[in-house]
Amino acid sequence: MALIRNQIQELLNDAVKCIDSTNLDITPEVEIPAVKEHGHYATAVAMALTKKLRKNPRLIAESIVNYIEKQSPDYLQKVEIAGPGFINFFIKSEAFSTVLPEIISKGSLYGTSEIGGGQYIQVEFVSANPTGPLHIGHGRGAAVGDALARILEACGYRVQREYYINDTGKQMEILGSSVYLRYLEINGEKVTFPDDHYKGDYIVDLAKEIFDEKGDELKKLPAGEAISYCYEYAYKRILDGIKEDLSQFRVEFDRWFSEKSLHRSGEIKKTIEFLKDNGYIYESEGALWFKSTAFGDEKDRVVVRSNGATTYFAADIAYHWNKLKRGFDTIIDIWGADHHGYVARMKAAVEALGSSRDKLHVILVQLVNLLRGGRPVAMSTRAGEFVTLREVIDEVGVDACRYIFLTRRSDSHLDFDLEVAKEQSSNNPVYYVQYAHARLCSVFEVASEKGLGFDKGKTPNLSLLTQDKEIKIIQLLGEFPYVVESSATHLEPHRIPYYLHDLVSEFHSYYNHHRIISDDQDLTAARLYLAEAVRIVLRNALNLLGVSAPEKM
RNA sequence: GCGCCUGUAGCUCAGCUGGAUAGAGCGCCGGACUUCGAAUCCGUAGGUCGCAGGUUCGAAUCCUGCCAGGCGCGCCA
């Protein structure tokens with residue numbers, strides 16, 4: 001049984017084809033009007049066609065409506081033309097309720113689809129340097145990337161979640177050196193701590209750990225060896241901490257990809273060779289340059305410095321070549337917005353590697369502006385002044401934290417005030433949604449105490465669901481699959497929380513106006529059936545966000 | 001100087017890619033618990049959609065120019 005929206009969509013497609021056979025590349029958009037006087041669904045397609053057909057929109061609307069009336073689909077109560085040429089559809093209420101049995105029978109699968117057609121997508125996110133604990137900004141990237149992956153999976157894509165570890169290079173040396181210097185301090189030596197070193201307390205803690213294990217042993221080693229030991233130790237401990245934090249944040253990666261492995265395998269060298277063979281590399285001032293301007297970048301970029309060292313960008317190209325060779329149909333990179341200047345060159349590289357630049361989608365996540373009581377909190381890894389993701393999770397909880405991140409477009413700046421998130425936690429949008437779920441669970445408990453079980457196999461008399469609010473809820477439930485789809489195709493997780501809010505607000509209102517459990521057995525059965533459908537959609541939607549659906553709060 | 005992002009109610013943000021009277025939450029004010037959970041509901045107030053032009057039947061949405069905030073612009077990573 002196709003959903004009403006689908007049927008209207010198809011009907012309109014046919015109607016448009018019928019009015020004018022000259023290859024119109026317009027697909028009519030079906031929307032839900034803001035006010036109910038405008039029907040359950042509406043389309044502005046007649047206005048969209050005016051330019052092409054050079055006819056009055058109302059005339060076009062009339063011929064579309066004529067076509068529709070000739071078909072006279074059984075779900076349609078009436079169709080009318082309004083305003084400048086809107087076509088408004090009024091649906092019979094019993095037609096709407098056909099979605100309920102579908103939701104009940106599909107259960108946790110309701111909302112999933114096959115639009116992805118098994119396409120293979122990689123989502124690379126977080127990828128924070130293992131030089132310190134994750135901070136709040138990484139948390140936002142983690143929430144967005146993970147939710148996106150869940151949404152894409154729900155739409156029939158095969159998804160791989162990957163974390164790229166920058167485990168080599170100058171920063172790693174500085175990390176090793178930072179720990180080593182702290183270690184020397186613990187051993188009573190006076191050291192000067194350079195400005196570019198990591199000053200966080202966690203560095204001191206790591207040095208202490210090494211001291212507890214090794215005593216003054218490292219002091220006797222040549223500095224280079226000792227630093228290397230410190231680096232290995234610190235890197236491993238920090239990365240383990242990152243994994244732990246992410247796991248607690250309900251983010252699990254399928255693969256942790258090491259930058260160092262690209263150096264070891266010679267892939268970076270091979271990548272540069274490949275580009276050179278294709279004429280995209282030239283030498284200048286003793287360095288090797290990638291001709292990214294040939295693909296729209298504003299200037300060419302160095303890949304091998306005059307001292308012979310490859311740049312970070314060179315490794316990044318090799319990394320993306322590696323991704324491309326793994327056969328992904330689409331590659332999604334989620335970056336902090338401070339890296340926006342790298343999009344053009346990365347897309348240029350992908351194209352130079354013989355692929356399509358459209359295969360790479362870069363989602364920029366704006367940095368989080370962390371506040372406490374309205375005052376900005378300093379955030380600098382180097383200076384060691386930052387609030388870690390773990391601290392935020394401990395303070396406001398995983399559910400609230402993820403929800404706050406996911407309720408905004410990723411490219412909008414985000415003020416995250418810890419005091420507000422904490423103090424107003426009972427007014428936090430996530431609880432509004434979770435409360436509806438808990439409330440429903442409670443209703444079912446009461447129902448079962450009264451011996452009003454819920455029989456999944458038996459469909460009650462749904463024509464009893466005639467209240468405006470019931471129709472509205474049913475209609476919204478029917479929208480869920482489209483919301484998930486649009487969220488996937490636009491790569492915008494925030495559509496889910498906004499949908500949830502609409503649905504839940506409608507449900508709470510309904511709950512306050514009508515009793516689900518009453519003396520009328522048939523009506524109770526029908527309403528419990530509706531309630532169960534709501535509960536399923538709430539669970540499924542929250543699950544896409546990685547937010548829990550508690551039975552009690 | 002150049003580039004990217006943002007500018008919508010007092011605050012935090014949506015606005016389905018050009019459609020009908022621009023919407024939520026928080027906050028303010030006023031109501032609703034002897035009845036399935038009041039973390040809820042119902043109602044009031046609050047707007048020159050940063051500014052100015054342009055495109056057309058129609059603009060918060062598209063194009064141009066300004067203004068403001070954030071972030072980038074290295075043979076750093």
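Remember, predicted model here, so these are calculated numbers, not experimental data. Quick note on labels: first sequence line is chain A, next is B, and so on, each numbered from 1.
- If you check U48(B) for Watson-Crick or wobble pairing at under 3.5 angstrom, you find it has no partner at all.
- Salt bridge status for Glu173(A) with Lys170(A): absent, with no side-chain N to carboxylate O gap under 4.0 Å.
- At C73(B), none of the side-chain N or O atoms of Arg345(A) fall inside 4.0 Å of OP1 or OP2 (strictly under the cut-off).
- Salt bridge annotation for Asp316(A)-Arg301(A): absent, with no cationic side-chain nitrogen under 4.0 angstrom from a carboxylate oxygen.
- Residue contacts shown for Ala48(A) include a base, since a base heavy atom lies under 4.0 Å away.
- For the OP1/OP2 pair of C41(B) and a distance below 4.0 Å, the side-chain nitrogens and oxygens of Tyr432(A) include at least one atom meeting the criterion.
- At C73(B), one or more side-chain N or O atoms of Tyr342(A) fall inside 4.0 Å of OP1 or OP2 (strictly under the cut-off).
- Using atom C1' as the reference point in both C11(B) and G27(B), the two lie 8 Å apart (nearest Å).
- When rounded to the nearest whole Å, the span between CG of Leu371(A) and C1' of G70(B) equals 14 Å.
- If you check every strand for non-hydrogen atoms under 4.0 Å, Thr50(A) touches a base.
- Side-chain contact, Tyr482(A) with Asn6(A): a donor N or O sits under 3.5 Å from an acceptor N or O.
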What N/O pairs connect the protein and nucleotides 14-18 of chain B at under 3.5 Å? Give each pair on its own line.
from	atom 1	to	atom 2	distance (Å)
A14(B)	OP1	Arg409(A)	N	2.7
A14(B)	OP1	Ser412(A)	OG	3.3
A14(B)	O4'	Tyr498(A)	OH	3.4
G15(B)	OP1	His494(A)	NE2	3.0
G15(B)	OP2	Arg409(A)	NH1	3.4
U17(B)	OP1	Glu29(A)	OE1	3.3
U17(B)	OP2	Glu29(A)	OE1	2.7
U17(B)	OP2	Glu29(A)	OE2	3.1

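- Residue contacts shown for His514(A) include a base, since a base heavy atom lies under 4.0 Å away.
- In C33(B) the O4'-C1'-N dihedral to the base is within 90° of 0, which defines a syn nucleotide.
- Atom NE2 in His320(A) sits 6.0 Å away from atom CD in Glu124(A) (nearest 0.5 Å).
- Not a single donor-acceptor pair under 3.5 Å links the side chain of Thr43(A) to the backbone N or O of Val30(A).
- One distance of note links CG of Leu452(A) with CD of Gln521(A); it measures 6.5 Å at 0.5 Å rounding.
- Here, A14(B) and C57(B) have their C1' atoms 28 Å apart, quoted to the whole Å.
- Taking 4.0 angstrom as the limit, Tyr435(A) places a side-chain polar atom (N or O) nearer than this to OP1 or OP2 of A39(B).
- Looking at heavy-atom distances under 4.0 Å, Asp338(A) makes contact with sugar-phosphate atoms alone, never a base.
- Heavy atoms of Leu367(A) sit nowhere under 4.0 angstrom from any nucleic acid atom.
- As judged by a 4.0 angstrom heavy-atom cut-off over every strand, Ser509(A) is placed among residues touching the sugar-phosphate backbone only.
- In this structure a side-chain-to-backbone donor-acceptor pair under 3.5 Å is present from Tyr163(A) to Ala128(A).
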